[in-house]
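Letters A, B, ... mirror the listed sequences (proteins, then strands); counts begin at 1.
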Amino acid sequence: MTARFWLMKSEPSEVSIDDVLTSPQRCVEWFGVRNYQARNFMMRDMSVGDGVLFYHSSCAEPGIVGLARVARAAEPDITQFDPSSPYFDPKATSANPRWYCVKVEALLKTPLIQLSTLRQYPVLQGMRVLAKGNRLSITPVTPEEWNALQPLLIPSA
DNA sequence: GCCAACGTTGGC
DNA sequence: GCCAACGTTGGC
């Protein structure tokens, strides 16, 4: 296990940072990931306690909106078994699940950090989320990037 | 709505 | 195993 920090995208129309912060345990199953690379990050590389940048995508104001942590290791994503779910996968069975998800606990809401802001910091230029054409919904964040981001993540009064 | 990027599918 | 076609993502 190498990575300890992650950026995780969510569409706020589906699950926003506010949705998670106001849910009973401040937790959400990261259901709906249907990309093997992202799944493998959750299955192989994530550990409880890993730091998470909560990112809103496909919305009016895309960017980092919160801090979170991995709260539980990967388990089968139950939406793959539900024929009424948009994430239903007919090739998945409970004996042979295809898709797994970790549980994420939201910690706090941060000021919105837009892509244009991230681009201003040389140390952050390598972030996958800034790469042209990047579509991966879960990406590793280096300790250097994580540390450089901290001053930007302090909640305003 | 546009479109670039990229993952997946399926015929061969 | 190749690769063209297709579908999806996601910023703009």
Exercise answer: donor-acceptor pairs, residues 57-66 of chain A side-chain atoms, under 3.5 Å, sequence neighbours excluded:
none

For residues 54-78 of chain A, which residue pairs pass the ring pair (Phe, Tyr, Trp, His ring centres under 6.0 Å) check, not counting sequence neighbours?
A/Trp30-A/Phe54, A/Phe54-A/His56
So which residues get pulled into A/Tyr100's cluster when ILVMFWY side chains under 4.5 Å apart are joined, directly or through others?
A/Met43
Under 4.5 Å side-chain heavy-atom separation, chaining through any Ile, Leu, Val, Met, Phe, Trp or Tyr, what else clusters with A/Trp99? Say none if it is isolated.
A/Tyr36
Which of residues 91-103 of chain A sit near DNA chain B, with a heavy atom under 4.0 Å from it?
none
Members besides A/Val48 in its Ile/Leu/Val/Met/Phe/Trp/Tyr cluster (side-chain heavy atoms under 4.5 Å):
none
Under the salt bridge (charged side-chain N to carboxylate O under 4.0 Å, His left out) rule, collect the residues that match up with A/Lys9, sequence neighbours excluded.
none
Once base and sugar-phosphate atoms are separated, protein heavy atoms under 4.0 Å mark nucleotides 6-12 of chain C, 5' to 3', with B, S and - as -BBBBSS
For residues 114-133 of chain A, please give each side-chain donor-acceptor pair under 3.5 Å, one per line with the distance, not counting sequence neighbours.
unit_1	atom_1	unit_2	atom_2	d
A/Arg119	NH1	A/Leu130	O	3.2
A/Gln125	NE2	A/Arg119	O	2.9
A/Gln125	NE2	A/Tyr121	O	2.7

